[in-house]
Structure formats: C-alpha cells, structure tokens
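Below is one structure; the comments refer to it alone.
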Amino acid sequence: MTEETRIIKKKVKKVLDKDRYQHTLGVAYTAASLAMRYGMDVDRAFLAGILHDCAKNIPNDEKFALCKKYKIKLSDVEIAAPSLIHSKLGAVLGEKLYGVKDAEVLSAVKYHTTGRPGMTMLEMIIFTADYIEPGRNLAPNLHEIRQMAFIDLQTAVTKILGDTLDYLATKKQPVDPMTEKTYNYYCSLSEDVSSK
Ligand code: DGI
Ligand code: FE
Ligand code: FE
C-alpha cells in the first residue's frame, strides 16, 4: 500500500462507523484480489475500495448542503432516495478532501452504486467488490456471484444489476435511470456474446 493510501485509510476510519469501516476494508481487500485476478493495479483498486463509501455516514441534511457547496446536481430519484447521493458526493470528497487526483479511482467511487454503461475494469471491480465482500450476507445468489466474479467479471456485473433491480422492485424503491441503463447495456453485451 502506498503512503497516500495509508493516510487516506486512517482518515476514512475516522468518518465511518465501525460496521461501515469493516465493510470498507472488505471491499478494499476484495477489490485488490480482483485486481490481481485481472492483472490490474492492486493499489488503485485498494484505494478506490477504501474511498468508495467515504460519504456514507454523512447525515442527509449535510449531504444536501455539501452537494450545494460543490455544485453537485441531484436528480429527482436522488432527492427521493438520498442514500444514492453518497457515491457522487464520495467522488467529489475523494478529490477535495482526500486529495486524490486519479480520475479513474474517483470515477469508480462515483459509479459504485448504479454502475454505468461501459464501465472501466476498475469501475467493474469496485462495483462487484462492494456486492461480494465477505461481510455481505443478505443478497441472493451470493455464492454463485462470488465465484463468477473471479471467472468472468462482466457476467458477475450483469447478475448483480439484475438482482439489484429485483430487490428494488420488491422493496418498491425508485430506480435510478442509471441503474436501469447500466443493466440494459450489460444485458445487450451478454446477448452479443451468446449469439456468436
Ligand atoms: O453503500 P453500500 O450499502 O455499501 O452499497 P451501495 O452503494 O451499492 O448501495 C446499496 C444500496 O443502493 C442497495 O440497497 C441498493 C441501492 N440501489 C442501487 N441502485 C439503486 C438503489 N437504490 C435506489 N433507490 N435506486 C437505484 O437505482
Ligand atoms: Fe456505497
Ligand atoms: Fe459499499
């Protein structure tokens, strides 16, 4: 781990509750493992994992104030479901508060909740690590998705998005258009592969 990452890890520990910090470490180590599997930079994956939920424990009213301060535009869905805001806000804090300059690391933080069509390898690694880290135990198909993540990351991403949309439907939660777009994009990619 670089000195920069070590310092950021200490700072993030201070702004998260115990359980969230444990989850954060789980994501960082899982992301590092996935980076090893796919030949990506292990430290950047670890750093993105450490940062991904850095805005998670900020109270909603403060989240809204910070979005105003940093001119972060919020959609209707984000206003209706403010827990969605922590990813966008986390990316901005990553830059402004933690001094991270690596645009790809910041982008992996920004899209870790909804994903986005055409994610980079690092973005897919964080998106997936967030879902499969060892501390998670409630999602269906976890055993299968955990294995799949180390076999074919794109297939794992597609499954996670499908299961997330099913979960949101049963909980009657508003769906962020980006989650929907991302799911459709990855489904169409897997159709391309299977029709070959
Ligand atoms: O922050 P974490 O809990 O570690 O994980 P996360 O950032 O992926 O957030 C997980 C929650 O976000 C999970 O309960 C599903 C929810 N989520 C993902 N996409 C959407 C969404 N919630 C809403 N309302 N709409 C979405 O499109
Ligand atoms: Fe999150
Ligand atoms: Fe998370």
Side-chain angles (χ1 to χ4, degrees), residues 8-9 12-13 15-34 45-60 63-64 66-67 72-94 98 100 105-117 119 122-142 145-146 149 153 156-187:
I8 293 174
K9 182 167 164 275
V12 166
K13 185 178 184 183
V15 299
L16 296 179
D17 64 50
K18 246 185 156 172
D19 288 352
R20 184 56 51 179
Y21 184 64
Q22 272 310 116
H23 160 71
T24 291
L25 288 180
V27 174
Y29 283 107
T30 302
S33 306
L34 287 168
F46 190 88
L47 173 59
I50 286 295
L51 266 181
H52 88 286
D53 272 342
C54 70
K56 187 83 178 182
N57 286 153
I58 299 173
N60 281 341
K63 266 189 212 145
F64 285 119
L66 285 166
C67 286
I72 301 171
K73 284 209 188 94
L74 297 176
S75 68
D76 292 346
V77 176
E78 286 166 330
I79 291 164
S83 65
L84 283 169
I85 299 170
H86 77 282
S87 33
K88 267 187 185 178
L89 180 58
V92 171
L93 295 183
Y98 299 97
V100 172
V105 167
L106 296 172
S107 171
V109 174
K110 182 171 180 182
Y111 293 108
H112 84 262
T113 305
T114 61
R116 69 172 178 97
M119 280 188 271
L122 182 58
E123 287 169 342
M124 288 202 285
I125 284 174
I126 296 302
F127 181 83
T128 303
D130 192 21
Y131 199 85
I132 67 167
E133 65 94 1
R136 296 276 204 212
N137 48 26
L138 294 176
N141 308 316
L142 253 186
I145 292 172
R146 280 175 170 148
L153 191 56
V157 165
T158 312
K159 274 231 102 263
I160 292 168
L161 287 160
D163 287 352
T164 299
L165 286 172
D166 286 349
Y167 170 82
L168 294 172
T170 60
K171 293 273 167 188
K172 297 195 166 51
Q173 291 286 309
V175 174
D176 190 307
M178 187 62 99
T179 310
E180 189 96 52
K181 261 205 264 179
T182 309
Y183 177 63
N184 292 338
Y185 174 87
Y186 282 97
C187 280

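Numbering of ligands and ligand atoms starts at 1, following listing order.
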Exercise. Side chain or backbone of Asp53 under 4.0 Å from ligand 1, or both, or neither, by non-hydrogen atoms?
Worked result: side chain

In a table with atom names and distances, give each donor-acceptor pair under 3.5 Å that connects a side chain of residues 75-88 to protein atoms at least two apart or in another chain.
{"from": "Ser75", "atom 1": "OG", "to": "Glu78", "atom 2": "N", "distance (Å)": "3.2"}
{"from": "Ser75", "atom 1": "OG", "to": "Glu78", "atom 2": "OE1", "distance (Å)": "3.4"}
{"from": "Glu78", "atom 1": "OE1", "to": "Ser75", "atom 2": "N", "distance (Å)": "2.8"}
{"from": "Glu78", "atom 1": "OE1", "to": "Lys88", "atom 2": "NZ", "distance (Å)": "3.1"}
{"from": "Glu78", "atom 1": "OE2", "to": "Lys88", "atom 2": "NZ", "distance (Å)": "3.2"}
{"from": "His86", "atom 1": "ND1", "to": "Ser83", "atom 2": "O", "distance (Å)": "2.6"}
{"from": "His86", "atom 1": "NE2", "to": "Asp53", "atom 2": "OD1", "distance (Å)": "3.0"}
{"from": "His86", "atom 1": "NE2", "to": "His112", "atom 2": "NE2", "distance (Å)": "3.0"}
{"from": "Ser87", "atom 1": "OG", "to": "Leu84", "atom 2": "O", "distance (Å)": "3.1"}
{"from": "Ser87", "atom 1": "OG", "to": "Thr113", "atom 2": "OG1", "distance (Å)": "3.3"}
{"from": "Lys88", "atom 1": "NZ", "to": "Lys73", "atom 2": "O", "distance (Å)": "2.9"}

Seminar exercise, completed: Heavy-atom proximity to atom 15 (C) of ligand 1 ranks first, among Leu138, Asp130, Thr164, Val27, for Thr164

For this session: Would you check if there is a donor-acceptor pair between the side chains of Lys181 and Asn184 at a distance under 3.5 Å?
Result: no

Problem set entry | ligand 1 to Lys56 polar contact by distance, N or O atoms, under 3.5 Å | yes

Problem set entry | Residue selection (non-hydrogen contact nearest atom 20 (C) of ligand 1) among Leu168, Asp176, Val77 | Leu168

Exercise. Only one of Thr164, Asp176, Leu161 forms a side-chain contact (heavy atoms from CB on, under 4.5 Å) with Thr114, so which one is it?
Worked result: Asp176

Exercise. At the 4.0 Å heavy-atom cut-off, does His86 count as touching ligand 1?
Worked result: yes

For this session: Walk me through it: do Asp17 and Lys56 pass the test salt bridge (charged side-chain N to carboxylate O under 4.0 Å, His left out)?
Result: CA-CA 10 Å; Asp17 64 50; Lys56 187 83 178 182; over 6 Å; no

Exercise. So is Ser87 close enough to ligand 1, meaning a heavy atom under 4.0 angstrom away?
Worked result: no

Exercise. Looking at ligand 1, does Glu180 have a heavy atom less than 4.0 Å from it?
Worked result: no

For this session: Work out whether the distance between some heavy atom of Thr114 and some atom of ligand 1 is less than 4.0 Å.
Result: no

Problem set entry | Glu78 to ligand 1, any heavy atom closer than 4.0 Å | no

Exercise. Relative to the Fe ion (ligand 2), how many protein N, O or S atoms have a separation of less than 2.8 Å?
Worked result: 3

Seminar exercise, completed: Contact region, Arg20 to ligand 1, non-hydrogen atoms below 4.0 Å, reads side chain

For this session: Show your working on side chain to side chain contact (heavy atoms under 4.5 Å, CB included) between Met124 and Tyr111 and close with a plain yes or no.
Result: CA-CA 9 Å; Met124 288 202 285; Tyr111 293 108; over 6 Å; no

Exercise. Under 4.0 Å from ligand 1, counting heavy atoms only, is it the side chain of His23, its backbone, both or neither?
Worked result: side chain

For this session: Evaluate the criterion side chain to side chain contact (heavy atoms under 4.5 Å, CB included) for residue pair Leu25 and Lys9; output intermediate values, then yes/no.
Result: CA-CA 9 Å; Leu25 288 180; Lys9 182 167 164 275; 3.7 Å; yes

